[in-house]
Protein chains: 2
Amino acid sequence: MAKEIKLTEGEQEILHVLWQSGPSSVRDIHEIIGAPKQKSYTTTLKIMQIMYEKGLLTRNESSKTHIYKAAISEKSSKQQAVGKIIKNLFKGSAAQLVMHALGNHRPSKEELDEIKTYLSQLDESADKKK
Amino acid sequence: MAKEIKLTEGEQEILHVLWQSGPSSVRDIHEIIGAPKQKSYTTTLKIMQIMYEKGLLTRNESSKTHIYKAAISEKSSKQQAVGKIIKNLFKGSAAQLVMHALGNHRPSKEELDEIKTYLSQLDESADKKK
DNA sequence: TTCGTTCTACGAAATTATTCGTACTTAAAA
DNA sequence: TTTTAAGTACGAATAATTTCGTAGAACGAA
């Protein structure tokens with residue numbers, strides 16, 4: 001199992017932006033999440049520096065403006081986040097989460113079809129297993 | 001939209017237990033989450049008292065040992081938690097979360113059937129809407 | 001009634017996270 | 001070359017959270 005990483009609120013926000021936008025400068029990130037909240041630039045900088053020290057981010061220092069990248073994958077974070085929710089809020093049942101998600105966030109017809117297709121694929125591969 | 005409630009790590013743990021077990025004493029909760037982590041009893045007590053002051057818990061003081069209940073519903077917390085994940089990690093697509101959950105937590109045949117049934121119901125009711 | 005156990009209340013220390021000011025560096029523009 | 005704009009580093013204040021010790025109340029058993 002992947003190591004359990006504990007992220008603070010601020011760290012999560014920064015990772016989300018980096019995953020969406022790709023490698024970014026502190027300024028880039030700050031415009032998106034710090035500035036709108038009236039936080040000073042050095043606040044964003046500090047958090048990113050700490051994340052760098054912790055190994056949550058890597059950075060390219062070749063130019064004056066450092067460019068940061070997420071050092072942990074969105075994929076593993078998704079898995080951890082979803083797994084945690086299933087465990088804590090849905091008594092371990094992925095199916096319950098699925099139905100909850102479908103019930104509350106009304107996917108479009110297209111999305112529903114997408115899911116059905118996916119489900120039938122799952123069925124088939126389940127047969128072939130082991 | 002329901003008010004955005006921010007819970008600390010410790011608060012979440014306690015709510016999870018209360019939702020699972022129903023009304024409980026501090027001792028009950030402590031045995032489940034404090035004791036295994038070698039925390040002292042008063043630590044659990046203190047957090048629950050603070051939660052009570054914040055209105056996150058209610059309590060019955062009729063006996064010496066107070067009995068606490070969660071004051072916020074598991075349902076709304078689920079909605080908030082799932083909504084947040086969909087927004088932050090799945091670009092707003094519930095379908096993506098669903099497929100991720102199905103892909104990583106291999107539900108049993110029974111669960112799959114359950115989901116399919118649920119899906120077809122959704123389809124029908126979608127037709128009737130507005 | 002007295003003792004021992006179990007509880008709550010509360011204050012304060014310790015820890016963790018966020019926030020920001022200041023100093024110094026770099027590089028480009030004037 | 002001087003000035004100005006934009007960056008980084010870093011220390012320290014503040015805020016939020018967790019942790020625990022101590023005091024005193026409640027209550028049952030001896």
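What you see below is based on every heavy atom in this structure, not just the backbone, and it leaves out hydrogens, waters and symmetry mates. Within every chain, numbering begins at 1; the chains are lettered A, B, ... in the order of the sequence lines, protein sequences first and strands thereafter.
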Could you tabulate the donor-acceptor pairs under 3.5 Å formed by side-chain atoms of residues 67-75 of chain B, not counting sequence neighbours?
{"unit_1": "B/Y68", "atom_1": "OH", "unit_2": "B/R59", "atom_2": "NH1", "d": "2.9"}
{"unit_1": "B/S73", "atom_1": "OG", "unit_2": "B/S76", "atom_2": "N", "d": "3.0"}
{"unit_1": "B/S73", "atom_1": "OG", "unit_2": "B/S76", "atom_2": "OG", "d": "3.0"}

Without placing hydrogens or testing angles, list every side-chain donor-acceptor pair under 3.5 Å for residues 30-41 of chain A, not counting sequence neighbours.
{"unit_1": "A/H30", "atom_1": "NE2", "unit_2": "A/K39", "atom_2": "O", "d": "2.9"}
{"unit_1": "A/K37", "atom_1": "NZ", "unit_2": "A/E13", "atom_2": "OE1", "d": "3.0"}
{"unit_1": "A/K37", "atom_1": "NZ", "unit_2": "A/E13", "atom_2": "OE2", "d": "3.0"}
{"unit_1": "A/S40", "atom_1": "OG", "unit_2": "A/T42", "atom_2": "OG1", "d": "3.1"}

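Against DNA chain C, the stretch residues 17-38 of chain B makes heavy-atom approaches under 4.0 Å through B/R27.
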- With sugar-phosphate taken as primed atoms, P, OP1 and OP2 and all else as base, the protein-contact string of nucleotides 9-18 of chain D at under 4.0 Å (heavy atoms; B, S, -) is BBBB----SB
Measure all distances between protein nitrogen or oxygen atoms and nitrogen or oxygen atoms of nucleotides 23-30 of chain D, and list the pairs falling under 3.5 Å.
{"unit_1": "D/dA26", "atom_1": "N3", "unit_2": "B/K64", "atom_2": "NZ", "d": "3.4"}

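With a 4.5 Å cut-off on side-chain heavy atoms, A/I115 and A/L102 count as touching. With a 4.5 Å cut-off on side-chain heavy atoms, A/F90 and A/I85 count as touching. Looking only at side-chain heavy atoms (C-beta outward), A/H100 and B/V82 come within less than 4.5 Å of each other.
Sequence neighbours left out, not one pair with a member in residues 90-100 of chain A passes salt bridge (charged side-chain N to carboxylate O under 4.0 Å, His left out). The side chain to side chain donor-acceptor pair (under 3.5 Å) contacts involving residues 16-27 of chain B comprise B/S25-B/D28, where partners must be two or more places apart or lie in separate chains.
The side chain to side chain contact (heavy atoms under 4.5 Å, CB included) search around B/K84 returns A/E9, B/N88, not counting sequence neighbours. Residues meeting the side chain to side chain contact (heavy atoms under 4.5 Å, CB included) test with A/K54, sequence neighbours left out: A/E11, A/I50, A/L56. Remark: A/Q79 pairs with B/N104 by the side chain to side chain donor-acceptor pair (under 3.5 Å) rule, at least two apart or across chains. The side chain to side chain donor-acceptor pair (under 3.5 Å) search around A/S62 returns A/N60, not counting sequence neighbours.
The phosphate of D/dG21 has neither OP1 nor OP2 within less than 4.0 Å of any side-chain N or O from B/Y41.
Remark: side-chain polar atoms of A/Q80 are paired, donor with acceptor, to backbone N or O of A/I5 under 3.5 angstrom.
Boundaries of the chain A contact region on DNA chain C are C/dA17 to C/dT26, first to last in 5' to 3' order (nucleotide atom under 4.0 Å from a heavy atom).
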